[in-house]
Amino acid sequence: MTQPSIAGIGAHVDREVTLRGWVYNSRGSRQVRFLILRDGTGMIQCVGGLADLGEERFAALAALTQESSVSVSGRVRTEARAPGGYELILSDFALLGASEDYPITPKEHGIEFLLPRRHLWLRSRKQHAVLTVRATVIAAIHEFLQREGFLHVDAPIFTPSAVEGTTTLFEVEYFGDKAYLSQSGQLYNEAAAAAFGKVYCFGPSFRAEKSKTRRHLTEFWQVEPEMAFADLEDTIVLAENLLEFVAARVLERHRGLLAGVLERDVAKLEAVTAPFPRVHYDEAVARLREAGRDFAWGGDLGAEDEAVLSEQFDRPLHLHHFPVEAKAFYMAPDPQDPRCSLSVDVLAPEGRGEIVGGGQRTDDLAFLEAQLEKHGLPREPYEWYLDLRRYGTFPHSGFGLGIERTVAWLTGRRHIRECIPFPRLMRSISP
RNA sequence: UCCUCGGUAGCUCAAUUGGCAGAGCAAGCGGCUGUUAACCGCUGGGUUGCAGGUUCAAGUCCUGCCCGGGGAGCCA
């Protein structure tokens with residue numbers, strides 16, 4: 001007798017197996033009962049007949065409640081009527097842990113009800129599917145970047161003093177001093193790039209913004225690659241190749257989950273092939289005005305502007321050369337047009353907004369010093385960062401890719417809070 | 001911080017002009033030999049977010065407060 005996983009049950013047809021898992025659903029009549037068992041890898045229908053089990057065991061089977069943990073034994077057979085194509089004819093079963101009044105019934109629930117029960121909600125089919133895709137997205141990112149010669153060098157989570165103003169930073173007490181949770185590994189990545197060439201960090205970022213939209217979390221994950229001796233063009237190519245690879249890998253591994261459980265239009269993902277269309281900021285302004293939007297040159301795009309623009313294309317698009325004022329102090333200005341920075345955002349299709357932000361960093365010490373001054377930033381905490389321009393400055397560029405926003409786009413989730421196991425929101429930190 | 005929508009049974013929601021607070025699901029009991037969020041019958045289940053006000057009468061109208069959803073700003 002073997003104990004395979006439900007995902008691999010097809011290799012055990014006509015054999016006797018024992019499975020352990022949880023009761024997802026149970027239904028039946030006086031003579032026969034159908035129990036849907038899930039074990040984390042999949043689900044299988046287990047069939048128990050009164051004639052096979054006897055009165056007492058059959059009654060016990062009927063008494064099993066939703067999400068009780070059980071051990072079941074029986075013969076596996078192919079069955080077209082069963083969900084998944086296989087079923088298990090029960091010969092015996094045992095209750096391991098009872099579950100009384102499981103709160104999340106197989107019906108509709110609102111977010112206000114589900115979020116405080118996230119620890120249980122994870123067991124649901126859609127949540128299980130989304131987080132499975134997330135794991136594949138993360139693995140694909142590591143695989144792609146390492147294959148491209150990037151070294152994984154992580155940035156710290158605790159950071160000293162205020163870097164870009166304290167309003168959006170979480171402050172923590174650090175042995176009598178103040179420290180802040182990292183908003184980005186960007187600056188540290190630049191130091192790492194000077195040491196290792198091509199690097200990336202992967203970890204959580206924290207924003208204390210009081211934003212409560214479906215695109216925001218207070219704790220989110222991002223991957224940030226940074227390349228030495230690379231320009232804006234290199235960054236654009238890296239970003240589109242990475243996204244193409246990730247989309248293809250997710251389709252390869254989870255086509256069934258996407259089309260079935262998540263009801264995602266997979267044709268939209270098949271269209272994600274490089275190169276992506278490129279739109280210069282000037283052109284974006286023209287396109288927005290053409291679409292009837294009142295947009296002034298110089299500012300960042302609003303969520304609605306991004307949606308209007310991305311709806312004009314069938315795949316992600318590069319929006320590049322933002323005005324210097326609209327971007328961070330370390331962005332390099334375009335030598336051909338100093339009003340614009342060598343920056344790029346990638347907007348996901350279907351109006352899902354920004355998933356990538358990046359570009360070429362300035363390698364000019366004097367310009368960087370002037371920028372710090374202009375942005376009213378303190379000099380002292382940036383001395384180490386200025387050192388990178390003092391000791392062998394080098395052109396370099398990179399970007400940050402938001403994991404939850406990417407997963408939301410790929411899986412077709414409306415809200416990114418479903419795209420992280422335990423979302424941290426302005427009004428929700430439990431469980 | 002601002003704008004906007006909402007809070008009624010365990011869950012999802014209804015309740016006409018201010019006039020007996022309801023349905024489906026869940027739960028409990030019963031029925032059914034292949035179910036697909038199974039189905040059929042019966043039963044139990046309410047401080048209508050909180051406080052006050054108007055009225056013969058308030059889920060409904062008025063005032064204040066609390067909590068939440070969505071959006072803006074900001075960003076990944």
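Being a predicted model, the structure only gives us computed values, none of them experimental. Below, chain A is the first sequence line, B the second, and so on; all start at residue 1.
- Here B/G34 is the nucleotide among B/G71, B/G10, B/G34 with the atom lying nearest to any side-chain atom of A/R77.
- Counting non-hydrogen atoms under 4.0 angstrom, A/G357 reaches the backbone sugars and phosphates but no base.
- Counting atom types as modelled, A/K210 pairs no side-chain N or O with a base atom of B/G73 as donor and acceptor under 3.5 Å.
- The C1' atoms of B/G44 and B/A9 are separated by 11 Å, rounded to the nearest whole Å.
- The side chain of A/E306 approaches B/C75 more closely than any other nucleotide in the set B/C75, B/G70, B/C74.
- Distance noted for atom P between B/U8 and B/C13: 9 Å (whole Å).
- You'll find a donor-acceptor pair under 3.5 Å spanning the side chain of A/R207 and the base of B/A76, going by distance alone.
- Residue contacts shown for A/G49 are absent, as no nucleic acid heavy atom lies under 4.0 Å away.
- Rounded to a whole angstrom, the distance from the P atom of B/C29 to that of B/C11 is 22 Å.
- Relative to the side chain of A/S29, the nucleotides B/G71, B/G70, B/U33 differ in distance, and B/U33 lies closest.
- Using a cut-off of 4.0 Å between Lys/Arg side-chain N and Asp/Glu carboxylate O, A/E87 and A/R81 are scored as not salt-bridged.
- To the nearest angstrom, P of B/G28 lies 7 Å from CG of A/D101.
- Listed nucleotides: B/G69, B/A76, B/C74. Nearest to the side chain of A/E209: B/C74.
- For B/A51 and B/G7, the C1' atoms lie 16 Å apart once the distance is rounded to whole Å.
- With hydrogens and angles ignored, a donor-acceptor pair under 3.5 angstrom links the side chain of A/R405 to the base of B/C75.
- At whole-Å resolution of the value, CD in A/E325 and P in B/C74 are 14 Å apart.
- The base of B/G34 is paired with the side chain of A/E87 by a donor and an acceptor separated by under 3.5 Å.
- Checking B/U33, B/C11, B/A76 against every side-chain atom of A/V32, the shortest atom distance belongs to B/U33.
- Contacts of A/G353 with the nucleic acid, taken as non-hydrogen atoms under 4.0 Å apart, are absent.
- Rounded to the nearest Å, the gap between the C1' atom of B/G52 and that of B/A14 is 28 Å.
- Residue ring and nucleobase are not stacked for A/F34 and B/G34 under a centre distance beneath 5.5 angstrom and an angle between planes beneath 30°.
- When the P atom of B/U33 is taken as reference, atom CD of A/E79 falls 19 Å away, rounded to whole Å.
- Picking from B/G71, B/U33, B/G70 the nucleotide with the shortest atom distance to the side chain of A/R30 gives B/U33.
- Between A/E112 atom CD and B/C67 atom P the separation is 12 Å, expressed in whole Å.
- With B/A76, B/G70, B/C75 as the candidates, the nucleotide lying closest to the side chain of A/K212 is B/G70.
- With B/G71, B/C74, B/U12 as the choices, the nucleotide that has an atom nearest any side-chain atom of A/R215 turns out to be B/C74.
- Here B/U12 presents its C1' atom at 14 Å from CZ of A/R117, a figure rounded to the nearest Å.
- Between the base of B/C75 and the side chain of A/H216 there is a donor-acceptor pair shorter than 3.5 Å.
- Distance noted for atom P between B/G24 and B/C39: 12 Å (whole Å).
- Between A/D345 and A/K327, at least one side-chain nitrogen of the basic residue sits less than 4.0 Å from a carboxylate oxygen of the acidic one, meeting the salt-bridge criterion.
- Across the P atoms, B/G71 and B/U63 are found 28 Å apart, a figure rounded to whole Å.
- Among B/U35, B/G71, B/G34, the nucleotide with an atom closest to any side-chain atom of A/R27 is B/U35.
- Looking at the side chain of A/R417, the nearest of the listed nucleotides B/G71, B/C74, B/G69 is B/G69.
- In this structure, NE2 of A/H415 is placed 12 Å from C1' of B/G68, rounded to the nearest angstrom.
- Judged by a 6.0 Å distance limit and a 45° cone about the ring axis, A/R339 is positioned over the six-membered ring of A/W297.
- Atom NE2 in A/H375 sits roughly 15 Å away from atom P in B/C74 (whole-Å rounding).
- Here, B/C50 and B/G34 have their P atoms 48 Å apart, quoted to the whole Å.
- Among the protein residues, A/E404 comes within range of no part of the nucleic acid, since none of its heavy atoms lies under 4.0 Å from any strand.
- A cation-pi arrangement, defined by a distance under 6.0 Å to the six-membered ring centre and an angle within 45 degrees of its axis, is absent between A/R117 and A/W121.
- Phosphate contact (OP1/OP2 of B/U35, side-chain N/O of A/R81, threshold under 4.0 Å): absent.
- Counted within 6.0 Å of CZ on A/R125, heavy atoms from surrounding residues, nucleotides or ligands total 12 or fewer; the atom is thus considered open.
- Ionic pairing of A/E67 and A/R38 is present here: one or more N-O contacts between side-chain nitrogen and carboxylate oxygen are shorter than 4.0 angstrom.
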